[in-house]
2 protein chains.
Amino acid sequence: MTRPIIPDIVVSRLPLYLRAISRMEEEGLEYVSSHELGARLGISAAQIRKDLSQFGEFGKQGTGYHIPFLKKQLIRILKVDRVWDVAVIGAGDVGSALARYQGFQEHGFRVAMLFDSDPAKIGKVINGIEVRDVADMERLIAEGSIQVAMLAVPAEVAQETADKLIAVGVRAILNYAPVNLAVREGIRVEHIDPVIHLQHMTYYLAPR
Amino acid sequence: MTRPIIPDIVVSRLPLYLRAISRMEEEGLEYVSSHELGARLGISAAQIRKDLSQFGEFGKQGTGYHIPFLKKQLIRILKVDRVWDVAVIGAGDVGSALARYQGFQEHGFRVAMLFDSDPAKIGKVINGIEVRDVADMERLIAEGSIQVAMLAVPAEVAQETADKLIAVGVRAILNYAPVNLAVREGIRVEHIDPVIHLQHMTYYLAPR
DNA sequence: TAGATTGTTAATCGATTAACAATC
DNA sequence: TAGATTGTTAATCGATTAACAATC
């Protein structure tokens, strides 16, 4: 039996739904309609219903979606009903900020390892995480069976570092280096680059 | 005369083209075909030609695109042929990393102001930028005619801070807080949240 | 000239929206 | 029962790709 293939663009919206739903739960709400959820996210009610219906029937006519139930389902679908160990490569400004970030813990992730090549940084402890020598990266990541990495190294070494990560079992890379990584089929890469976002926005700005 | 409206999804790819083209220029390349550029970015050659043709005829049959010329055009189109002053709100881990980031300068942006509410941080100097009291934010941003802000404040105060920024003339916000900002028509908001990206990727991972 | 590659049109593909029967 | 809202189908909309004449 073939599991139906869900469009990636649908999958990409699920974390947004989860975040909004979690926020609503904190606000003490119990039920939400597709219309209300859509209004918060700037997404049409029809799209939300269509997206969610790809995974099951989570709502009830007349009342909408039970927030704790929908949250549970989204957490399960996104596979964050467990904690993923994550490696951070690079302990510069970005890597350090990631190591210190408190938002991972409660959303399915834990920074389990932190690497740098600078002898001045190796051995330091950031938020309880020791900075290890990047020379030991491959061995330690393979031992830890880590599948997720955040790449915060200089652009010049990003591709080679990614290659090494993939070679030892990493399957998902969140790339903070301002380069396009070339990876083989089956490896997920997402990219975070503030300059890209800023340039996208300035297109629409009027000079002042 | 109506300027033709360019789809936003096209605009969103231009910064990627610019980054790739700049990289190629550094590598000493002089010409690039839509096919070569597409191969680097994982985008079809047809799409690149179609996107670029929305803005003019930048290529030449038989030889492709002259890299320095195309770069110049993209810089002009994205309006980064000038330097945009940017305000960073929040001088925590993320805000500090943004204030220290060296990648803005050469791509059209300058962190001109940095704000925080913590008396222990106000007055400190990060990368030559003094941390100012967020209580003075509205006055200083209005005086500086700043149109672009990066928001790195706690989630609870993100919306109200955004409202204040918009009230004093900010038109583009790069939001690092894990909340959806509600803004009026004409205000650009882009969002950076590592958790959203990680959860998108874990959907595709096999448990180990 | 022969080969390569553009810009553009038309065809295809995929995503979003509108509408509504079903039902809580 | 009346009102509200789901899940789903069909219609619409928009984006991507294929194809090719033009031309460097």
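Here is how names work: the chains are called A, B, and so on, in the same order as the sequence lines, proteins then strands, and each is numbered from 1. Keep in mind that the numbers below use all heavy atoms, side chains included, and drop hydrogens, waters and symmetry copies.
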With a 3.5 Å cut-off and sequence neighbours excluded, list the donor-acceptor pairs that the side chains of residues 88-98 of chain A form with protein atoms.
unit_1, atom_1, unit_2, atom_2, d
D93(A), OD1, R100(B), NE, 3.0
D93(A), OD2, R100(B), NE, 3.4
S96(A), OG, A91(A), O, 3.0
S96(A), OG, G92(A), O, 2.6

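- Protein chain B touches strand DNA chain C; the 5'-most and 3'-most nucleotides with an atom under 4.0 angstrom of its non-hydrogen atoms are dA4(C) to dT9(C).
- Evaluation of the side chain to side chain donor-acceptor pair (under 3.5 Å) rule for N180(A) yields R19(B) as partners, not counting sequence neighbours.
- Looking only at distances, a side-chain donor or acceptor of H191(A) sits under 3.5 Å from a matching main-chain atom of A177(A).
- Residues that satisfy the side chain to side chain donor-acceptor pair (under 3.5 Å) test with R188(A), not counting sequence neighbours, are D8(A).
- Here F58(B) pairs with nothing under the ring-ring contact (aromatic ring centres under 6.0 Å, His included) rule; sequence neighbours left out.
- Proximity of residues 56-71 of chain A to DNA chain D (heavy atom under 4.0 angstrom from any strand atom) is restricted to E57(A), F58(A), G59(A), K60(A), Q61(A), G62(A), T63(A), G64(A), Y65(A).
- A search for ring-ring contact (aromatic ring centres under 6.0 Å, His included) contacts involving Y31(A) returns H66(A), not counting sequence neighbours.
- A heavy-atom distance below 4.0 Å to DNA chain D is reached by none of the residues of residues 16-25 of chain A.
- Along DNA chain C, the nucleotide nearest K50(B) and the nucleotide nearest E36(B) are compared for position; the residue whose nucleotide lies closer to the 5' end is E36(B).
- For the pair T202(A) (side chain) and L78(B) (backbone), a donor-acceptor distance under 3.5 Å is present.
- The two residues M113(B) and G144(B) make their nearest non-hydrogen contact at CE-CA, 4.4 Å.
- Legend: residues meeting side chain to side chain donor-acceptor pair (under 3.5 Å) with R40(B), ordered by chain and number and at least two apart, are E27(B).
- The strand DNA chain C forms stems, runs of 3 or more Watson-Crick or G-U wobble pairs with distances below 3.5 Å, at C:3-24 with D:3-24.
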Cut-off 3.5 Å, no hydrogens considered: what does the side-chain donor-acceptor table look like for residues 103-111 of chain A, sequence neighbours left out?
unit_1, atom_1, unit_2, atom_2, d
H107(A), ND1, G103(A), O, 2.8
R110(A), NE, D85(A), OD1, 3.0
R110(A), NH2, D85(A), OD1, 3.2
R110(A), NH2, D85(A), OD2, 3.3

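- Within a 6.0 Å radius of NZ in K60(A), no more than 12 heavy atoms belonging to other residues, nucleotides or ligands are found.
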Side-chain donor-acceptor distances from residues 146-169 of chain A under 3.5 Å, at least two apart:
unit_1, atom_1, unit_2, atom_2, d
Q147(A), NE2, A206(B), O, 2.9
Q159(A), OE1, A182(A), N, 2.9
Q159(A), NE2, D163(A), OD1, 2.9
Q159(A), NE2, A182(A), O, 3.0
T161(A), OG1, V157(A), O, 2.5

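- The 5' end of DNA chain C is approached more closely, in terms of each residue's nearest nucleotide, by R49(B) than by the other of Q47(A) and R49(B).
- Nearest heavy atom pair, residue L205(B) against residue K79(A), reads O-NZ, 2.8 Å.
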